[in-house]
Protein chains: 2
Amino acid sequence: MKRPANALSLAVLTLLFEKPMHPYEMSTTLRHRSKEESIRLNYGSLYAVVESLRKKELITAREAVREGNRPERTVYELTAAGATAMHDWLSEMLRDPSPQFTDFEAALSLMGAIPPDEALALLRLRLKALRMASNQYDGLRAHMPEGFPALFLVEGDYAEALRLAEITFVEKLVSDLIHDRLGGMDVWRRIHELRDAGFTGEEANATLLEEYGDVLTWDT
Amino acid sequence: MKRPANALSLAVLTLLFEKPMHPYEMSTTLRHRSKEESIRLNYGSLYAVVESLRKKELITAREAVREGNRPERTVYELTAAGATAMHDWLSEMLRDPSPQFTDFEAALSLMGAIPPDEALALLRLRLKALRMASNQYDGLRAHMPEGFPALFLVEGDYAEALRLAEITFVEKLVSDLIHDRLGGMDVWRRIHELRDAGFTGEEANATLLEEYGDVLTWDT
DNA sequence: CATCGTTTACTCTAGTTAGAGTATTTGACT
DNA sequence: AGTCAAATACTCTAACTAGAGTAAACGATG
């Protein structure tokens with residue numbers, strides 16, 4: 001049984017570990033506990049994920065009850081296999097770091113496709129936004145009611161720790177870009193000069209090979 | 001035109017910004033440049049993404065050539081609209097931080113579903129794995145050929161910065177767990193004692209409300 | 001007491017993604 | 001000269017995901 005790619009699937013199992021529920025209640029519970037911020041939630045995925053767990057017999061439909069004249073609700077509960085699966089998957093996710101493919105890492109790896117000065121300006125704007133988000137989280141944390149369990153803030157604190165690391169990283173990168181301190185910037189700047197002057201990618205590359213040929217070869 | 005959810009889509013545009021290519025060459029180029037580590041790559045997605053870009057007329061099929069007796073290859077090139085889209089999407093991804101939904105953040109937010117001592121043991125194993133990955137990256141960086149442009153290491157350095165922040169965070173969390181310093185740990189431990197003793201989730205919750213009733217209410 | 005927004009509770013569909021499967025060709029090595 | 005792994009170049013399908021759409025009931029307001 002392969003573990004679910006979607007963390008929402010695991011969230012459903014943990015909710016049903018607490019008590020039987022119908023999907024709509026799962027969604028409101030997750031929202032009420034602010035899990036939306038750490039787990040992507042939408043109806044389409046929720047109902048699909050529930051159906052897929054049912055097929056794997058990790059959960060079972062208990063009954064379909066109609067309360068008052070409301071639409072019918074199907075209440076699900078965890079099976080024994082489901083409880084085991086929940087335990088194993090959650091353990092695995094806590095234990096094993098797995099490659100994460102974030103948007104920003106992708107963007108950094110493709111950054112060469114825009115000129116260095118533009119990249120610099122954009123990174124400065126990112127810094128601003130990151131600092132704002134960080135301040136906002138600080139404020140939120142500071143206004144937590146007395147004795148609110150830190151356990152429930154763990155995922156937020158983690159996100160904040162990563163945000164702070166990102167801020168430090170981008171500050172350093174911005175500073176390197178300003179002072180032309182990043183290896184390869186000369187070629188990076190030159191290629192965009194050539195492209196702006198109307199050369200095709202291939203022509204620009206050929207020119208660069210002439211101009212920087214020696215610098216552009218490394219034995220890997 | 002909504003921007004692509006998949007960073008691979010943007011990678012394709014940047015590759016075609018350099019020169020026209022067929023999909024298979026895109027995949028080998030990305031792999032050769034180690035972009036695989038920052039951008040999820042597989043054939044199914046690559047061909048689908050290329051087709052979707054073609055439909056949006058951000059790229060066009062140039063020709064289908066057969067070289068020797070090899071299978072036919074369709075070479076694509078960037079359109080003017082594609083170049084604009086590439087620029088705009090990449091700018092946006094560098095500029096705007098967006099919520100990222102990592103597995104570990106999700107796992108942390110659901111951590112309560114396993115007992116604190118188990119969580120502690122798992123986090124210690126995670127730390128070990130993170131430190132190994134970090135050392136491995138250090139080694140890799142140290143053995144880079146002379147004069148290898150730092151520009152091409154930016155995404156790896158970013159990933160490493162986040163990894164180091166995660167290590168620091170998990171170290172702190174592990175220490176808090178060891179010393180019972182995390183708010184809410186008593187309730188967390190108690191609920192698993194009750195569950196292990198055979199109570200259902202609802203029964204356990206009721207008992208907890210009696211035992212810790214005052215502590216469990218915060219005015220939000 | 002009419003009405004208008006919010007909440008409850010899903011359903012549908014188009015699009016995306018992953019991964020395995022296919023079929024040929026080249027090059028290295030016996 | 002034969003064979004076997006690796007590289008070339010996709011194709012197919014099942015599953016997953018996102019977001020909009022549906023429809024009734026409740027509650028507040030004038």
Side-chain angles (χ1 to χ4, degrees), chain A residues 1-12 15 20-32 36 39-56 58-59 61-76 89 98-101 103 106, chain B residues 1-12 15 20-32 36 39-56 58-59 61-76 89 98-101 103 106:
Chain A
M1 181 98 54
K2 77 170 186 292
R3 82 173 194 188
N6 194 339
L8 183 56
S9 197
L10 181 59
V12 167
L15 287 171
M21 266 184 215
H22 53 97
Y24 186 74
E25 188 181 358
M26 297 174 199
S27 84
T28 48
T29 306
L30 289 173
R31 214 160 277 159
H32 196 250
E36 268 189 300
I39 297 165
R40 188 177 276 114
L41 171 64
N42 63 60
Y43 289 124
S45 303
L46 178 60
Y47 284 87
V49 149
V50 164
E51 178 54 22
S52 132
L53 290 172
R54 197 195 55 73
K55 266 190 208 147
K56 290 175 192 155
L58 301 179
I59 67 179
R62 203 202 226 178
E63 71 220 294
V65 289
R66 154 162 289 138
E67 204 161 280
N69 239 335
R70 292 287 178 67
E72 202 171 63
R73 304 170 315 183
T74 307
V75 175
Y76 294 87
W89 286 335
S98 67
Q100 287 295 317
F101 304 105
D103 281 359
Chain B
M1 181 98 52
K2 77 169 184 295
R3 80 172 193 188
N6 195 338
L8 184 55
S9 196
L10 181 59
V12 166
L15 287 170
M21 266 184 215
H22 54 97
Y24 187 74
E25 187 181 359
M26 297 175 199
S27 83
T28 47
T29 306
L30 288 173
R31 213 160 278 159
H32 196 249
E36 267 189 300
I39 297 164
R40 188 178 276 112
L41 171 64
N42 62 60
Y43 290 124
S45 302
L46 178 59
Y47 284 87
V49 148
V50 163
E51 178 54 22
S52 133
L53 290 172
R54 197 194 55 72
K55 267 191 207 148
K56 292 175 191 154
L58 301 179
I59 66 179
R62 202 202 227 179
E63 70 219 298
V65 289
R66 154 163 288 138
E67 203 161 281
N69 240 334
R70 291 288 178 68
E72 203 171 63
R73 304 169 316 182
T74 307
V75 175
Y76 293 87
W89 286 336
S98 67
Q100 286 296 316
F101 304 105
D103 281 359

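When reading the values below, keep in mind they use all heavy atoms of this one structure, side chains included, and skip hydrogens, waters and symmetry mates. Naming convention: chains lettered A, B, ... in sequence-line order (proteins, then strands); numbering from 1 in each chain.
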Worksheet item: Between Trp89(B) and Leu58(B), is any pair of side-chain heavy atoms under 4.5 Å apart?
Response: yes
Worksheet entry | Separation of dA9(D) C1' from Arg31(B) CZ (nearest whole Å) | 12 Å
Worksheet item: Any side-chain N or O of Arg40(B) less than 4.0 Å from the OP1 or OP2 oxygen of dT17(C)?
Response: no
Item to complete: Tell me whether the OP1 or OP2 atom of dT8(C) has a side-chain N or O from Tyr24(A) closer than 4.0 Å.
Response: yes
Practice prompt. For Ser45(B) and Leu41(B), indicate whether the former's side chain and the latter's backbone hold a donor-acceptor pair under 3.5 Å.
Written response: no
Discussion item. In whole Å, I'd like the distance from the CG atom of Leu46(B) to the P atom of dT8(D).
Written reply: 14 Å
Response to the item:
Comparing nearest nucleotides in DNA chain C, the 5'-proximal residue of the pair Lys55(B), Gly44(A) is Gly44(A)
Worksheet item: What integer distance in Å separates Met26(B):CE from dA7(D):C1'?
Response: 18 Å
Item to complete: Find out whether Gln100(A) and Ser98(A) are in side-chain contact, i.e. whether some heavy atom of one side chain is under 4.5 Å from a heavy atom of the other.
Response: yes
Worksheet item: Under 4.0 Å between a side-chain N or O of His22(A) and OP1 or OP2 of dC10(C)?
Response: yes
Practice prompt. Could you tell me the separation between the CZ atom of Phe101(A) and the P atom of dT17(C), rounded to a whole number of Å?
Written response: 13 Å
Item to complete: Would you mind reading off the distance between Glu51(A) atom CD and dA9(C) atom P, rounded to a whole angstrom?
Response: 19 Å
Item to complete: Look at the side chain of Tyr43(B) and decide which nucleotide, out of dT17(D), dT17(C), dC10(D), has an atom nearest to it.
Response: dC10(D)
Fill in: Among dT17(C), dT16(C), dA9(C), the nucleotide that comes nearest once only the side chain of Lys56(B) is considered
dT16(C)
Response to the item:
Whichever of Ser52(A) and Tyr47(B) has the more 5' nearest nucleotide on DNA chain D, that residue is Tyr47(B)
Discussion item. Counting only side-chain nitrogens and oxygens, does Arg73(B) get under 4.0 Å of the OP1 or OP2 atom of dC10(D)?
Written reply: no
Practice prompt. Please state how far atom CE in Met21(B) lies from atom C1' in dA9(D), giving the value in whole angstrom units.
Written response: 15 Å
Practice prompt. Check whether any side-chain heavy atom of Val50(B) lies under 4.5 Å from a side-chain heavy atom of Thr74(B), and answer yes or no.
Written response: no
Worksheet item: Taking OP1 and OP2 of dA18(D), is either one under 4.0 Å from a side-chain nitrogen or oxygen of Asn42(A)?
Response: yes
Worksheet item: Between atom CG in Leu30(B) and atom C1' in dT8(D), what is the gap in whole Å?
Response: 16 Å
Worksheet item: Do the side chain of Thr29(B) and the main chain of Glu25(B) share a donor and acceptor less than 3.5 angstrom apart?
Response: yes
Worksheet item: Given atom CG of Asn6(A) and atom P of dT17(D), what is their separation to the nearest angstrom?
Response: 4 Å
